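Heads up, the thing below is written out as structure tokens.
These numbers come from a predicted model, not from an experiment.
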Amino acid sequence: MNRLEESIAAWPVAGLPATLADRTRRVYDRMAAVYPVSTLLFHSRAHRCALEASGMSDGMRVLEVATGSGEMFRRLVRANRGGATIGVDLSPNMAARTQRTARRKYPSARTHCQAVDARHMPFRSESFDAIFCCYLLELLSTEDISTTLGEFRRILKDRGRLALVLIGQNTALFNAVYRVAGKVAPAFWGRQVEHRVPALVKTVPFQIVDDRTVRQTFYPSRVLVMRK
Ligand SMILES: C[S@@+](CC[C@H](N)C(=O)[O-])C[C@H]1O[C@@H](n2cnc3c(N)ncnc32)[C@H](O)[C@@H]1O
């Protein structure tokens, strides 16, 4: 594709950004103020489980990818007051909210949050002891999941840990509802990838060291912890 074709392909179509990632950024930007409710109702139990299973300890350099409105990020900052906790999210509004609320609650902690696309991380190789990433992979294409997992491996220190939280696929009714939601608003819901991800992480390669399922009300999650 030449430069002109590339710029035409990136133009908004009928008022919508041309790529799914652009739409995802836009929709999550708009949701930043109300998103904490959804985290509280559906994600907080899995967040707690991921932190427990990760083996993270105070004093580490920790990265959270796709912070959303910052509930897990604050949990990480609280557990890592002697270390540095960095957060990224594609949506500038989500990243700004996460930064603001973490700094207000933990003013003396070393924290930083910025708008970054997880597929291209602006960090040096082997910079982090632990990475957390909850409910992001559903929003990426299979190719982008592999690229992003490759970035996680690159920026993790040797024997560093990656904790992934995925939407569970072990409930037929939930899966049916999710399929419809994903068709109606793919940029917000994406699609379930829980069954595909364990095979993908092994090709990066990562070694899975912990694997748990969690349910909060009707919402299933799977927590995978792996080592570089
Ligand atoms: C379903 S929300 C999950 C938020 C949070 N991790 C949680 O557990 O509640 C997905 C988040 O991923 C972010 N996101 C989507 N695509 C991304 C990308 N390519 N890079 C970084 N963040 C992304 C969205 O902006 C949104 O905040």
Side-chain angles (χ1 to χ4, degrees), residues 6-7 9-13 15-39 42-43 46-47 50 62-77 85-103 111-124 127-128 130-156 162-167 178 181-182 184-194 197 200-201 204 221:
E6 268 174 24
S7 59
W11 279 353
V13 178
L16 284 174
T19 67
L20 193 61
D22 281 343
R23 269 184 273 156
T24 298
R25 178 173 45 73
R26 233 190 228 200
V27 75
Y28 278 98
D29 251 352
R30 290 198 180 132
M31 296 295 290
V34 293
Y35 201 76
V37 178
S38 133
T39 304
F42 307 124
H43 297 171
H47 286 168
V62 173
L63 173 69
E64 190 194 0
V65 179
T67 59
S69 40
E71 292 69 28
M72 177 64 167
F73 189 75
R74 290 194 296 283
R75 196 183 284 274
L76 295 173
V77 175
T85 313
I86 315 299
V88 297
D89 196 284
L90 182 67
S91 149
N93 287 352
M94 288 290 198
R97 186 188 169 90
T98 298
Q99 163 110 320
R100 197 172 56 244
T101 51
R103 290 220 169 140
T111 63
H112 181 69
C113 195
Q114 66 190 84
V116 163
D117 187 330
R119 296 171 295 178
H120 312 284
M121 295 285 200
F123 301 112
R124 277 202 321 262
S127 318
F128 295 98
I131 299 178
F132 291 81
C133 178
C134 309
Y135 308 107
L136 165 67
L137 301 188
E138 286 76 11
L139 299 169
L140 303 180
S141 69
T142 304
E143 196 187 338
D144 285 342
I145 293 176
S146 294
T147 305
T148 303
L149 291 172
E151 281 291 82
F152 292 170
R153 189 171 199 284
R154 179 183 67 77
I155 62 178
L156 261 181
L162 166 64
L164 280 182
V165 181
L166 305 164
I167 295 169
Y178 205 93
V184 174
F188 182 72
W189 295 104
R191 81 270 185 253
Q192 290 166 290
V193 293
E194 186 220 314
V197 166
L200 285 175
V201 300
V204 178
S221 298

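- No side-chain heavy atom of V65 sits less than 4.5 Å from a side-chain heavy atom of E151.
- Here L90 contributes atom CG and T67 contributes atom OG1; the two are 10.5 Å apart, rounded to the nearest 0.5 Å.
- Q114 places a side-chain heavy atom less than 4.5 Å from the side chain of V88.
- Rounding to the nearest 0.5 Å places CG of L162 at 7.0 Å from SG of C133.
- In this structure, L164 and L149 have side chains that are in contact, with non-hydrogen atoms separated by less than 4.5 Å.
- Looking at heavy atoms from C-beta onward, E64 lies out of side-chain contact with T85 at the 4.5 angstrom threshold.
- Closest non-hydrogen pair, M94 versus A32, comes out as SD-CA, 3.7 Å.
- Scanning all heavy atoms of the two residues, the minimum distance from A46 to V165 falls at CB-CG1, 3.9 Å.
- Applying the salt bridge (Lys or Arg N to Asp or Glu O under 4.0 Å) test to every pair with at least one member in residues 86-101, sequence neighbours left out, gives no pairs at all.
- Annotation: salt bridge (charged side-chain N to carboxylate O under 4.0 Å, His left out) contacts of R153 (sequence neighbours excluded): none.
- The CG atom of L137 sits 11.5 Å away from the CD atom of E194 when rounded to the nearest 0.5 Å.
- The main-chain N or O of E138 is found under 3.5 Å from a side-chain atom of R191 such that the two form a donor-acceptor pair.
- The heavy-atom pair separating A102 from R74 by the smallest distance is CA-CG, 4.1 Å.
- The two residues T24 and A187 come nearest to each other via the heavy atoms OG1-O, 3.1 Å.
- To the nearest 0.5 Å, atoms CD (E71) and OG (S38) are separated by 8.5 Å.
- Inter-residue side-chain proximity for H47 and T39 is flagged as met; some heavy-atom pair is nearer than 4.5 Å.
- When all heavy atoms of I167 and Y135 are compared, the closest pair comes out as CG1-CD2, 3.6 Å.
- The main-chain N or O of Q99 is never found under 3.5 Å from a side-chain atom of R103 such that the two would form a donor-acceptor pair.
- Shown here are the ring pair (Phe, Tyr, Trp, His ring centres under 6.0 Å) partners of Y35, two or more places apart in sequence or in another chain: Y28.
- From F73, atom CZ reaches atom OG1 of T101 across 8.5 Å, with rounding to the nearest 0.5 Å.
- The aromatic rings of W189 and Y178 stand perpendicular to each other, their planes meeting at an angle above 60°, with 30° marking the opposite boundary.
- Taking each heavy atom of A95 and A115 in turn, the nearest pair found is CB-N, 3.8 Å.
- With rounding to the nearest 0.5 angstrom, the CD1 atom of I131 is 6.0 Å from the CZ atom of F152.
- Considering T147, T148, D144 in turn, D144 is the only one that fulfils the side chain to side chain donor-acceptor pair (under 3.5 Å) rule with R119.
- Here the side chain of T98 pairs a donor or acceptor atom with the backbone of G68 at under 3.5 angstrom.
- The pair R25-D22 meets the salt-bridge criterion, with a side-chain N (NZ, NE, NH1 or NH2) lying under 4.0 Å from an Asp/Glu carboxylate O.
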